[in-house]
Structure formats: C-alpha cells, structure tokens
Amino acid sequence: MKSLFEGLEFKSLISRIPSARGPVGLYPRPMSSLDAAGTRRGAPAPATPRDAASLATLNVTEELDKQVTLILQKMSTTGIIVDLQFLKGLSKDWSKKLQDIEQQIYSIIGHQVNLNSPKQLQVVLFDELKLPVVRKTKTGRSTDEDTLRELAPSHPMIPLLLQYRQLFKLVSTYVDALPRFVGSDGRVHSTFNVEGAATGRLSSQNPNLQNIPVKGEMGGEIRKAFVAPIGKILLAADYSQIELRILAHLAQDPGLIKAFNEGLDIHAATASKIFNVPVEKVTKEQRMVGKTMNFATLYGQGAHALARQLGVDYATAQKYIEEYFAQFPKVRVWKAEVLENAKRNGYVETLWGRKRYIPELSAANRQIQAFGERAAINHPVQGTAADMIKKAMVEIDKSLLNIVDRISGEKKTINDKRLTINGLYSMILQVHDELLFECIPDNVGEVGKMVKDKMENALKLSVPVLVDLKVGPNWGEMKALNH
DNA sequence: ACCCCACGCCAC
DNA sequence: AAACGTGGCGTGGGGT
Ligand SMILES: Nc1nc2c(ncn2[C@H]2C[C@H](O)[C@@H](COP(=O)(O)OP(=O)(O)OP(=O)(O)O)O2)c(=O)[nH]1
Ligand SMILES: [Mn+2]
Ligand SMILES: [Mn+2]
C-alpha cells in the first residue's frame with residue numbers, strides 16, 4: 001500500500017472502513033501487504049470505530065464486497081492457462097537480443113557495467129560521459145526513461161540503453177517470472193484482494209495479472225501466452241471511457257453528457273486536438289495519449305507536467321488544460337464541491353457510499369494537502385467505477401450458473417469448498433474495468449450479450465454506459481465480437 | 001531465508 | 001522532479 005506522499009518526510013495512513021476480509025487465493029505466497037487476518041499493515045487501529053448496529057449489519061458496499069470475495073475465490077481457483085512453451089521461445093529470442101545490446105553498450109563505453117544498477121549507471125552517464133544531469137532523484141541523478149529520451153541525441157549508448165531497459169523489464173517481470181507461478185495444472189492462480197486499493201478497486205498479486213503488458217508488438221506477444229484451453233475461447237468485456245462517463249454523471253456536465261449521448265469518443269477527440277489530425281484518423285497510440293491527458297488533467301496534472309509529457313511548450317499545455325475545462329465547465333464546479341464536502345467531513349465517497357477518509361486534507365503542510373485533494377477528487381470517480389464492475393461481477397456470476405443449468409441437463413458445476421464452479425463459462429480475470437472469461441464457443445454470442453447487459457446496467461447513470469466485447473484464442477489476439 | 005529501501009516501470 | 005490517481009514487482013544495495 002502506498003502512502004499518498006511517498007517522497008515526503010513523514011508518513012501517514014490512508015484510513016478506511018475496516019473489513020474482516022483479506023486476500024483471496026490458493027497460494028498465499030509471501031503475504032506482503034496484508035497479515036493473515038487480512039488487516040492492513042501499518043494501519044493497526046481501525047479507521048472508524050463501528051457502533052453496535054453496524055457490527056451486525058453490513059452496509060451496501062460491504063455486502064457487495066462480501067459477495068465479490070466469493071467470486072474472487074472462484075477466479076483464483078480456476079486460474080488461467082499460461083503457454084509455457086511459448087514463453088520459453090520468447091525468453092530465448094529476447095535474452096539473445098539483450099545480450100547483443102549489452103555487448104554493444106560495453107564496446108561503446110569501453111568497459112562492463114551492471115546496466116540494471118541506476119547507481120552504477122549514474123557514474124557512467126554523468127561522470128564518465130559527462131552528460132548533463134536532467135533531473136535528480138532523492139538520492140542522486142535520475143536515469144529514468146524520460147531522462148534517457150532527452151539524452152538520447154547526445155550519445156549513441158543511450159538509445160541502446162533504452163532498448164535494453166524495455167526488453168529487460170519484459171523478460172524479468174513477465175517472460176521469465178510468470179512460469180514460476182504456473183502450477184501442475186498449467187495455470188497461474190493469482191490472489192485477488194477485494195480491498196486492494198483505497199478506492200475500492202481490486203488488486204492482484206502473485207502474480208499480478210492486472211499489469212500484463214499490452215502496448216506495442218512485444219506486449220501483444222506476452223499476452224499471447226495467456227490462452228484458452230482446447231475446446232474453449234476467451235471472451236473479454238471492457239467498459240468504454242468508463243471514468244469519463246462516471247464523471248459525466250457525478251458532475252452533470254452538459255458537455256460530457258452531450259458527447260456521450262451522441263456516441264463520441266472523447267479520448268480520440270482529445271488526441272485529434274493534440275496531434276492535429278481528424279478524429280477518424282487517430283491511431284491507437286495517439287488515442288492512448290489522449291486518454292492519459294484526459295485523466296491526468298481531470299485529476300490535477302499541471303501545465304508543466306503536461307508539457308513535458310506531451311513534448312509541447314508550457315503555453316500550449318496551458319491552453320489544452322483551459323480548453324479542457326471550458327469544454328466541460330461543470331467539472332471544475334464539481335471538483336470544488338467535492339473538496340468542500342471532503343474538508344468538512346474528512347472523507348469522500350462513491351455513488352454507492354464507499355468512503356475513504358483523507359486526513360491529509362487537514363495537514364499543516366500545503367504539499368501534503370494538495371496530495372490529499374487530488375486523491376479526494378479521484379476516489380469518487382475511480383471508486384464508483386469499481387463499485388460498478390463489482391456489481392456486474394455478482395450479477396454475471398449468478399446468470400452464468402442459470403445459463404449452464406438451462407443449456408445442459410447434466411451437471412456441469414463443480415462444488416469446491418462451498419463454491420459453485422461452472423465448468424463451461426468461467427470468469428477468470430478482472431482488470432479494473434475489464435472482465436475476462438473462458439468459455440465454450442457454443443452460445444458465446446448469448447453469453448457475451450448477457451455479460452454486456454449486466455455490465456452496462458450495473459449502475460444507472462445519466463449517460464449511456466457501453467462495453468466492448470472481444471473474443472479470441474488467447475489474450476493477445478482478441479477480435480471484436482459483434483451481436 | 002527473510003527484511004528493508006530506492007529506483008524504475010508495467011497496467012488500469 | 002514536478003500539482004494526474006490506483007496498484008504490484010524486479011533489481012540493486014544493504015541488512016538481520
Ligand atoms: N488517473 C488515471 N486513471 C487511468 C489512467 N489510465 C486508466 N485509468 C482509469 C480510467 C479509465 O477509465 C479506467 C479504465 O482504463 P481503460 O484503459 O479501459 O480506459 P477507458 O475505459 O477510459 O477507455 P477505453 O474506451 O476502454 O479505451 O482506468 C491514467 O493514466 N490515469
Ligand atoms: Mn475501458
Ligand atoms: Mn480497461
């Protein structure tokens with residue numbers, strides 16, 4: 001669990017409603033952030049004492065989380081197949097590339113160095129090669145990706161180092177690490193934590209299946225290792241622009257509401273403006289930049305950071321931010337209201353009343369206050385999205401059992417530790433606003449329709465909620481599923 | 001074998 | 001580094 005202001009001297013806690021539920025999974029492994037009782041490390045005291053009545057009665061989100069916990073256990077028990085042979089091939093190819101790059105770098109600088117050690121790298125870059133220090137970390141001179149991009153034209157080893165970093169990350173964190181989690185059934189069984197994030201989002205660990213690479217060709221290659229078993233396919237369902245739709249509802253912003261009623265893609269529209277291309281010509285990569293700008297601006301990014309991130313000058317970044325809030329005027333008003341309430345109550349909450357206490361709001365240090373304010377703005381939006389998909393998961397889990405009962409007279413469910421596991425259609429992953437299922441190809445159209453319906457109607461918003469469906473033989477080759 | 005921290009970076 | 005937010009993990013470096 002992260003502190004709100006990691007870099008600052010004194011640490012505080014993010015208080016939250018206590019709950020008796022901990023992580024869920026087959027293989028606890030090292031329970032890094034939670035103790036055996038599922039209570040939060042570093043937060044020994046309950047955030048809010050419960051009165052006698054609330055000890056016995058779960059509120060809406062507690063009841064929701066209780067039901068979700070059972071589903072998470074099933075997801076963990078089912079697991080997902082990882083193609084070990086495929087990863088072995090990737091490892092071989094990419095490790096050779098890594099060695100090549102490493103040798104090239106050594107011959108350029110004239111000696112060996114541990115390229116994975118930022119400390120050793122600093123000496124090479126800034127002392128030996130005398131490259132300019134772009135920015136500093138707490139303890140020294142930064143060598144992160146942004147820094148290296150700026151330094152790239154100054155020395156031939158930098159582009160190689162960037163390649164090395166990317167490749168090493170993918171190999172060490174995924175290609176070589178995932179096989180260590182594969183059980184004798186050929187599957188990885190991640191642990192999902194129902195209260196993994198302060199906002200109500202889940203988290204996933206051992207391994208984390210919510211941060212599997214997706215960008216670029218190499219990301220797609222890694223996702224190809226997540227496969228459906230013989231005779232089944234994968235079905236994926238991802239909400240469209242979900243937090244912007246929730247924002248539209250919470251802020252009741254006319255610009256956002258109109259856009260969604262007209263079926264517009266706001267991420268693409270933002271990208272169209274940034275890259276000065278017609279919206280229909282926006283590429284996937286450009287849309288991603290638009291998406292990041294939309295959320296970063298909403299959650300308080302400044303013009304300086306935006307300018308750096310987009311590679312534009314400060315004035316242009318300022319203009320983008322102004323235009324954003326001019327386009328969606330009620331967003332500023334809503335943010336001010338949230339902060340006012342937050343400071344009065346000491347907490348913020350989602351549409352469903354999931355509370356997050358933010359003591360930083362009353363901190364003496366202004367910088368800490370500012371961190372608290374940005375968290376306070378984020379929680380109602382990110383947390384409502386979490387409530388929404390959790391509700392959908394509960395409804396979908398019920399419906400799947402009904403569908404199975406109907407289409408097959410024979411018993412296709414397995415009872416395992418009081419969990420009813422469905423052998424035909426299994427929910428196997430949740431990635432914040434996406435659900436992944438393993439299912440027999442029969443009736444995938446009907447199941448997809450049901451999943452889409454449950455997700456789109458889990459919460460009633462004042463704008464349409466849309467879900468994109470995809471199917472494929474593996475997670476790297478998913479194609480749109482129409483009707 | 002386990003722990004911590006800093007750095008850096010993957011995803012949503 | 002920074003006035004986007006929410007996470008988890010691998011490595012290096014140091015320690016028990
Ligand atoms: N603050 C912040 N939130 C993010 C960021 N990336 C993703 N999120 C949150 C907001 C998104 O609505 C939500 C789901 O991520 P997705 O990648 O599915 O994006 P989204 O649903 O907005 O667009 P989509 O139509 O699915 O491509 O996660 C980010 O960079 N910053
Ligand atoms: Mn989405
Ligand atoms: Mn998504």
Side-chain angles (χ1 to χ4, degrees), chain A residues 1-2 4-7 14 23 29-30 32-33 114-122 133-148 162 165-166 168-178 180-181 190-193 195-216 218-219 222-223 238-239 242-243 288 291-309 314 317 321 324 335 356 366-383 385-386 389 429-434:
Chain A
M1 153 115 151
K2 286 187 191 172
L4 242 50
F5 34 87
E6 205 131 322
I14 302 170
R29 299 271 176 156
S32 62
S33 70
N114 187 341
L115 296 173
N116 302 316
S117 167
K119 204 175 167 200
Q120 296 182 37
L121 224 42
Q122 282 175 54
V133 175
V134 178
R135 58 169 170 272
K136 297 190 160 191
T137 65
K138 223 173 350 185
T139 59
R141 296 156 291 184
S142 178
T143 70
D144 68 10
E145 186 178 330
D146 275 8
T147 301
L148 296 182
L162 280 163
R165 277 266 176 88
Q166 184 187 12
F168 189 88
K169 172 78 180 183
L170 297 183
V171 171
S172 65
T173 309
Y174 304 100
V175 178
D176 284 349
L178 283 170
R180 291 195 268 273
F181 290 97
S190 177
T191 295
F192 295 95
N193 191 336
E195 52 172 20
T199 55
R201 272 191 178 186
L202 307 183
S203 68
S204 156
Q205 61 181 178
N206 301 317
N208 182 357
L209 294 181
Q210 293 180 320
N211 74 340
I212 302 302
V214 65
K215 284 188 286 187
M218 290 193 284
I222 291 175
R223 286 204 171 200
D238 187 300
Y239 283 106
I242 188 57
E243 288 186 19
M288 201 174 299
K291 182 190 291 187
T292 303
M293 189 200 134
N294 283 338
F295 293 123
T297 303
L298 168 62
Y299 298 124
Q301 186 177 60
H304 194 42
L306 180 63
R308 276 203 45 107
Q309 190 191 305
Y314 186 86
I321 293 174
Y324 181 96
K335 286 173 71 167
R356 177 176 179 183
R366 247 226 54 25
Q367 197 178 348
I368 292 174
Q369 264 188 47
F371 275 99
E373 289 178 4
R374 293 194 296 277
I377 297 300
N378 178 258
H379 174 85
V381 185
Q382 187 180 110
I389 194 168
L429 289 183
Q430 190 253 41
V431 191
H432 307 304
D433 79 328
E434 172 183 7

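Chain naming here is simple, since letters A, B, ... match the order of the sequence lines and numbering starts at 1 in each.
- A:Arg366 comes within 4.0 angstrom of nothing in the nucleic acid, heavy atoms only.
- Comparing atom distances between the A:Ala296 side chain and each of C:dC4, B:dC10, C:dT6 picks out C:dC4 as nearest.
- A distance-only check finds no donor-acceptor pair linking the side chain of A:Arg356 to the backbone of A:Ala376 [under 3.5 Å].
- For C:dT6, the OP1/OP2 oxygens have no side-chain nitrogen or oxygen of A:Gln210 closer than 4.0 Å.
- The closest donor-acceptor contact from the side chain of A:Ser190 to the backbone of A:Gln205 lies under 3.5 Å.
- Residue A:Asn208 has its side chain nearest to C:dG7 when only C:dG7, B:dA11, B:dC7 are considered.
- Residues A:Leu115 and A:Phe168 form no side-chain contact, since every pair of their non-hydrogen atoms from C-beta on lies 4.5 Å or further apart.
- As rounded to whole Å, 13 Å separates atom P of B:dA11 from atom CD of A:Glu434.
- Here the closest heavy-atom approach between residue A:His432 and residue A:Leu202 is recorded as CE1-O, 3.6 Å.
- Along DNA chain C, the nucleotide nearest to A:Ala303 and the one nearest to A:Ser117 differ in position, and the one closer to the 5' end is contacted by A:Ala303.
- The shortest distance between the side-chain N/O atoms of A:Lys138 and the OP1/OP2 oxygens of B:dA6 is below 4.0 Å.
- A:Leu178 has its CG atom 13 Å from the C1' atom of B:dA11, to the nearest Å.
- Distance from the side chain of A:Val214 is smallest for B:dA11 among the nucleotides C:dG14, C:dT6, B:dA11.
- Using a 4.0 Å heavy-atom cutoff across all strands shown, A:Thr143 reaches sugar-phosphate atoms only and no base atom.
- Counting to the nearest Å, the P atom of C:dG7 and the CD atom of A:Glu243 are 13 Å from each other.
- Nucleic acid contact class of A:Ala370 (heavy atoms, under 4.0 Å, all strands): none.
- By the 4.5 Å heavy-atom criterion applied to side chains, A:Met288 and A:Lys215 are counted as neighbours.
- For the pair A:Leu115 CG and C:dG13 P, the interatomic distance rounds to 12 Å; values are reported in whole Å.
- A:His432 has its NE2 atom 9 Å from the P atom of C:dG8, to the nearest Å.
- The side chain of A:Arg165 lies closest to B:dC9 when the candidates are C:dT11, B:dC9, C:dT6.
- Under 4.0 angstrom from either OP1 or OP2 of C:dG12 there lies at least one side-chain N or O belonging to A:Asn114.
- Among the heavy atoms of the strands, none lies under 4.0 Å from A:Glu373.
- For A:Pro213, whose side chain is taken as the heavy atoms from C-beta onward, the closest listed nucleotide among B:dA6, B:dC10, C:dG8 is B:dC10.
- Contact annotation: A:Arg374 side-chain N/O to C:dG5 OP1/OP2 distance is under 4.0 Å.
- Nearest-nucleotide positions on DNA chain C place A:Gln309 closer to the 5' end than the other of A:Gln309 and A:Asn211.
- Within the nucleic acid shown, A:Glu145 comes within 4.0 Å of sugar-phosphate atoms alone, with no base atom in reach, counting heavy atoms only.
- The two atoms that bring A:Leu298 and A:Ile377 nearest to each other are O-CG2, 4.2 Å, heavy atoms only.
- Across all strands, A:Ala385 comes closer than 4.0 Å to no nucleic acid atom at all (heavy-atom distances).
- Atom C1' of C:dA1 sits at a distance of 14 Å from the matching atom of B:dC7, rounded to the whole Å.
- Atom OG1 in A:Thr143 sits 4.0 Å away from atom CZ in A:Arg165 (nearest 0.5 Å).
- An OP1 or OP2 oxygen of C:dG7 is reached within less than 4.0 angstrom by no side-chain nitrogen or oxygen of A:Ser204.
- Close to C:dC4, at under 4.0 Å from its OP1 or OP2, lies no side-chain N or O of A:Lys335.
- Put simply, A:Asn206 has a side-chain N or O that comes within less than 4.0 Å of OP1 or OP2 on C:dC9.
- For A:Pro118, counting side-chain heavy atoms from C-beta on, the closest listed nucleotide (B:dG8, C:dT6, B:dA11) is B:dG8.
- Side-chain N/O atoms of A:Thr137 include one lying less than 4.0 angstrom from OP1 or OP2 on B:dC7.
- On a pure distance criterion of 3.5 Å, a polar donor-acceptor pair joins the side chain of A:Lys169 and the base of B:dC9.
- Look at A:Lys215 and you'll find a side-chain N or O under 4.0 angstrom from OP1 or OP2 of B:dA11.
- Between A:Ser203 and C:dT6 there is no side-chain N or O to OP1 or OP2 distance below 4.0 Å.
- In the set B:dA11, C:dG13, C:dT11, B:dA11 carries the atom at the smallest distance from any side-chain atom of A:Arg223.
- Remark: C1' of C:dC9 and CG of A:Leu170 are 13 Å apart, rounded to the nearest angstrom.
- The nearest whole Å value for the distance from the CD atom in A:Gln166 to the P atom in C:dT11 is 17 Å.
- Pair assignment for C:dC4: none, as no Watson-Crick or G-U wobble contacts are both less than 3.5 Å.
- Contact check, A:Arg201 against C:dG5: no side-chain N or O comes under 4.0 Å of OP1 or OP2.
- Nearest to the side chain of A:Thr173, among C:dT6, B:dA11, C:dG10, sits C:dG10.
- Using a 4.5 Å cut-off on side-chain heavy atoms (C-beta onward), A:Tyr174 and A:Met218 make no contact.
- At B:dC7, none of the side-chain N or O atoms of A:Ser142 fall inside 4.0 Å of OP1 or OP2 (strictly under the cut-off).
- Rounded to a whole Å, the CG atom of A:Leu202 is 21 Å from the P atom of C:dG5.
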